[in-house]
Amino acid sequence: ANDFWAYVPPPAAAVSAVQKSLLACVAWLLIPDTSADGTHPKFNAQDVSVSQAGVWTKSSLNPAMGLTTIETGDSLTATVAGSTAYVGLSSTVQSNYTVDVLVDGELAGQYTPTNLLSGNYTQTIPYGIRIAVPGSAPSVSHSVKVVCSNPGASGCSVDWFGGNGFAAPN
């Protein structure tokens, strides 16, 4: 634990950033690569099933799975199943971008992943987005689109997409 937090309560924004980071990590780990029925409930942004509009390049923040753009309006779209959609982003203390996330064409929210705390070992943190899709069944597919609405100086970095509509493997 950070010794500073042992003496001073952390600011609410820092707590929120830690929660979003944990959400990204836990969701990525718990959503299986392949479900019992053979479907793929999560995709990294570089997967061929993720459609790209605009100019996206391999992310320097998460090169194994992420993509980055510096252009306003560029987007990535994936189809996920379930009553909850997930999107994973990456940021650093210098990141200042904003993305719009649309589910089935409807704006679900605007997100600016903030990283308020620099670390000793890494400067990049994951940022998780969880979007409930009211009235949806686990088998229903949804289009999830991430649009870079403001690349800021850092560019928009998207790592992965997922959904909770899967049959868990044994």
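Taking the side chain as every heavy atom from C-beta outward, Tyr111 and Val146 never approach each other to under 4.5 Å. Contact of the Pro41 side chain with the Val80 side chain is not registered, since no non-hydrogen atoms from C-beta on lie closer than 4.5 Å. Between Asn164 and Pro138, the closest side-chain pair of non-hydrogen atoms is not below 4.5 Å. Between Tyr86 and Trp160 the shortest side-chain heavy-atom distance falls below 4.5 Å.
Summarising the geometry, atom CD1 belonging to Ile129 is positioned 9.0 Å from atom CG belonging to Leu23; distances are rounded to the nearest 0.5 Å. Considering CG of Leu107 and NZ of Lys145, their distance stands at 11.5 Å, rounded to 0.5 Å. For the atom pair Ile31 CD1 and Phe161 CZ, the distance stands at 12.5 Å (nearest 0.5 Å). To the nearest 0.5 angstrom, Ile131 atom CD1 is 12.5 Å from Ser83 atom OG. Interatomic distance, OH of Tyr127 versus OG of Ser21, reported as 11.0 Å (0.5 Å rounding). Interatomic distance, CG of Asp74 versus OG of Ser149, reported as 11.5 Å (0.5 Å rounding).
Applying the salt bridge (Lys or Arg N to Asp or Glu O under 4.0 Å) test to residues at least two apart or on different chains, the pairs with a partner in residues 38-63 are Asp33-Lys42.
In this structure, the side chain of Gln46 does not engage the main chain of Ser59 through any donor-acceptor pair within 3.5 Å. Distance alone, capped at 3.5 Å, is enough to place a donor-acceptor pair between the Trp56 side chain and the Ser75 backbone. Listed for the Ser95 side chain is no donor-acceptor partner under 3.5 Å among the backbone atoms of Ser154.
Counting only N and O atoms by type, the side chains of Thr92 and Thr124 include no donor and acceptor under 3.5 Å apart. A donor atom on one side chain and an acceptor atom on the other are found under 3.5 Å apart for Thr68 and Ser157.
Scanning all heavy atoms of the two residues, the minimum distance from Leu89 to Pro113 falls at CD1-CG, 4.0 Å. Scanning all heavy atoms of the two residues, the minimum distance from Ser90 to Asn62 falls at OG-CB, 4.0 Å. Listed here is the closest heavy atom pair of Ile70 and Gly155: CG2-CA, 4.2 Å. Taking every heavy atom of both residues into account, Ser143 and Thr77 meet most closely at OG-CG2, 3.3 Å.
Within 6.0 Å of CG in Leu102 there are more than 12 heavy atoms belonging to other residues, nucleotides or ligands.
Listed by chain and number, the hydrophobic cluster partners of Leu61 come to none, as no ILVMFWY side chain reaches under 4.5 Å of it.
Leu67 and Val147 sit in two unconnected hydrophobic clusters of ILVMFWY residues. Membership requires side-chain heavy atoms under 4.5 Å apart, directly or through other members.
Checked against Gln110 for a side chain to side chain donor-acceptor pair (under 3.5 Å), the options Thr98, Asp100, Asn150 give a single hit: Asp100.
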